[in-house]
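Each remark here refers to the structure printed beneath this line.
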Amino acid sequence: MGNTAQTFLLVLNSGSSSLKYSLFEEKSLREVLQGHVDGIGLDRCCLKVKRDNQWTETKFLAEDHLHAVIKAFQSLKDNDILQGFDQIQKVGHRVVHGGEKFTQPTRITPAVLKKIKSLSVLAPLHNPPALAGILAVKKILPKVPQIAVFDTAFHHSIPKEAFLYGLPYQLYEELGIRKYGFHGISHEYVSRLARKALNKQRSEQEEIITCHLGNGSSITAVKNGRSVDTSMGFTPLDGLIMGTRSGEMDPEIILFLLNQKHYTTAQLEKILQKQSGLKGLAGSSDVRELHDRALKKDKQAILALDMLAYRIAKFIGAYAAALKGLDAIVFTAGIGENAYYLRKKACSYLGFLGVKLDAHANRKNLTYISKPSSKVKVLVLHTDEARAIAEQL
Ligand code: ADP
C-alpha cells in the first residue's frame, strides 16, 4: 500500500495522439512508474505501464487527452502507489514551444496558459496537446501547482547572429521568424551529465556538442553549459535528416514543388513531415531495420544511413567552429544510444578534429567510446527528459 507521508511529482509529455507520464518520489526523485497512452482518439489506443522494469499493456479507448489523463491517474491508484491524488505535489509538463517569452520553467497561471496558447501558431502540432494535458490535470487536481518546462528554453542563449535568418528583419519583428531550436530539455540534461563526467574546473572553457538522434533529431553546440547554436530552426523540421522529416534543404524547393505539382499546403506538409527523411529515402524510418537491410547490401538503406552520418559529421564540424574548440561529443536518444554503425561512420569524418573512436567500446554502447588518446572525448549518454523535467519542478 502507498504511504500517505510519501509525496510525488508527476511529469506529463503530451503528443498529438499520445500521452507519456512518469511518477517520481519527490525527495529521492526515484521513478516509481512510467506510463504511455498511445493512439488517443484511435481504435488502436492502449495504455502501457512500466513498474519495477516490467511493462503491462491494456487496451482501452481514450476519446481525448482528458480521458487519457484520467486513465493515467487511475493507473497510479491501481498500482497501489497512491492512496490519494493529494500525494502529488506538483505536475510538470513538457511544452514544446515557449517562443522568446519563456526561458525558464514557469508556474502555469491563466496568463501563462494564454501565452502558451498564443504560441500554438508557431507550433500547431505540438503546443495544443500540451495545453490539453494541462487543462485535463487542472480538472482533476485544480489546486496542485502545474509547471511548464519548455523545449525551446535552453536555446534562449543562442546569439542573434546565429538565430536570425537572412530574411527581411521586419519579418522577425512582426512574426517572430527566427531559429528557436528544440529538444532543449534533452540537450541541457546530457550536456550537464557530460560536464560532470569531464570533471573540468569551473574556470576552464568547456565546449560540448550534443547529438540527440531519435525519431526527431537535432545537434546542439554547448559552451560552458549554454546553447550557442542548434540544428533545428523555426520549427523542428530543420537540420538533420530524421525518421520521416526532410531536415534542411533549399527553401526554393518548396516553391518549385508548389508550381510544378500544384500541391496544397496540407499535401506539402505531409510530404515534408511524414514522407521524407529516412522513410522517404529508403522506405523505413527505423534505423534498426535500415541497418539490417544495409548488412544485406540494400543500396537504398546504405545510402540513407550514409546521408544521415554525413550530415551528423557536417553539423559537428560546423559547431566545432561555432564553439572555437571542442572537448566532447555526446550521442543520445534511440539512435544516438544504440546505432554504433552510425556513430562510427559519423566519427570517421572527424579525425582532423582529434576524434579517435575506440571500436570495441563503441560497438558495446559504453559510456566512453573514444580512445584515451583522443583529443575530443566521445560519450554515449542516456537521455531522460521526464527526469530532467522532474529536477526542474
Ligand atoms: P523519440 O524521438 O520518439 O523519443 P527515440 O529517441 O526513442 O524516439 O528514438 C526512436 C528511434 O531510435 C527509432 O525510430 C529507431 O530508429 C531508433 N532506435 C531505437 N532502438 C534502436 C537500436 N537498438 N538500434 C538502432 N536504432 C534504434
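Every value quoted in this text rests on a predicted model; they were computed, and no experiment measured them. Because only heavy atoms are used, hydrogens play no part in the values below, and waters and symmetry mates are left out as well, while side chains stay in. Order of listing sets the numbers, starting from 1, for every ligand and every atom in it.
Only one option out of Arg226, Lys223, Lys377 pairs with Glu207 in a salt bridge (Lys or Arg N to Asp or Glu O under 4.0 Å); it is Lys223.
Residue contact check: Gly216 has heavy atoms under 4.0 Å from atoms 2 (O) of ligand 1. Residue Ile335 approaches ligand 1 through these ligand atoms, each under 4.0 Å from one of its heavy atoms: 12 (O), 16 (O), 17 (C).
Contact annotation: the side chain of Val49 never approaches that of Trp55 to less than 4.5 Å [non-hydrogen atoms, C-beta and beyond].
The shortest N/O to N/O separation between Ala333 and ligand 1 does not fall below 3.5 Å. In terms of polar-atom proximity, Asn215 is counted as a contact of ligand 1, with an N or O under 3.5 Å from an N or O of the ligand.
Note on Asp86 versus Lys143: no salt bridge recorded, every NZ/NE/NH1/NH2 to OD/OE distance being 4.0 Å or above.
In this structure, Tyr341 counts as a contact residue of ligand 1, since one of its heavy atoms falls inside 4.0 Å of the ligand.
Taking each of Ser186, Gly214, Ser284, Gly334 in turn, the one with a heavy atom nearest to atom 18 (N) of ligand 1 proves to be Gly334.
In terms of modelled atom types and a separation under 3.5 Å, the side chain of Arg107 and the main chain of Pro145 share no donor-acceptor contact. Looking only at distances, no side-chain donor or acceptor of His156 sits under 3.5 Å from a matching main-chain atom of Glu100.
Cluster annotation: Leu308 and Leu357 are assigned to the same hydrophobic cluster (Ile/Leu/Val/Met/Phe/Trp/Tyr, side-chain heavy-atom contacts under 4.5 Å, transitive).
Nearest non-hydrogen protein atom to atom 4 (O) of ligand 1 is Lys20 NZ, 4.4 Å. The nearest protein atom to atom 22 (C) of ligand 1, hydrogens excluded, is given as Asn338 CB, 3.2 Å; this is a heavy-atom distance. Summary of contacts: the protein heavy atom closest to atom 15 (C) of ligand 1 is Asp286 OD1, 3.6 Å. Counting only heavy atoms of the protein, atom 16 (O) of ligand 1 lies nearest to Val287 N, 2.8 Å. Ranking the protein heavy atoms by distance from atom 19 (C) of ligand 1 puts Arg288 CZ, 3.6 Å first.
Between His97 and Phe102, the gap from one ring centroid to the other reaches at least 6.0 Å.
Within a 6.0 Å sphere centred on CZ of Phe256, heavy atoms belonging to other residues, nucleotides or ligands number 12 at most.
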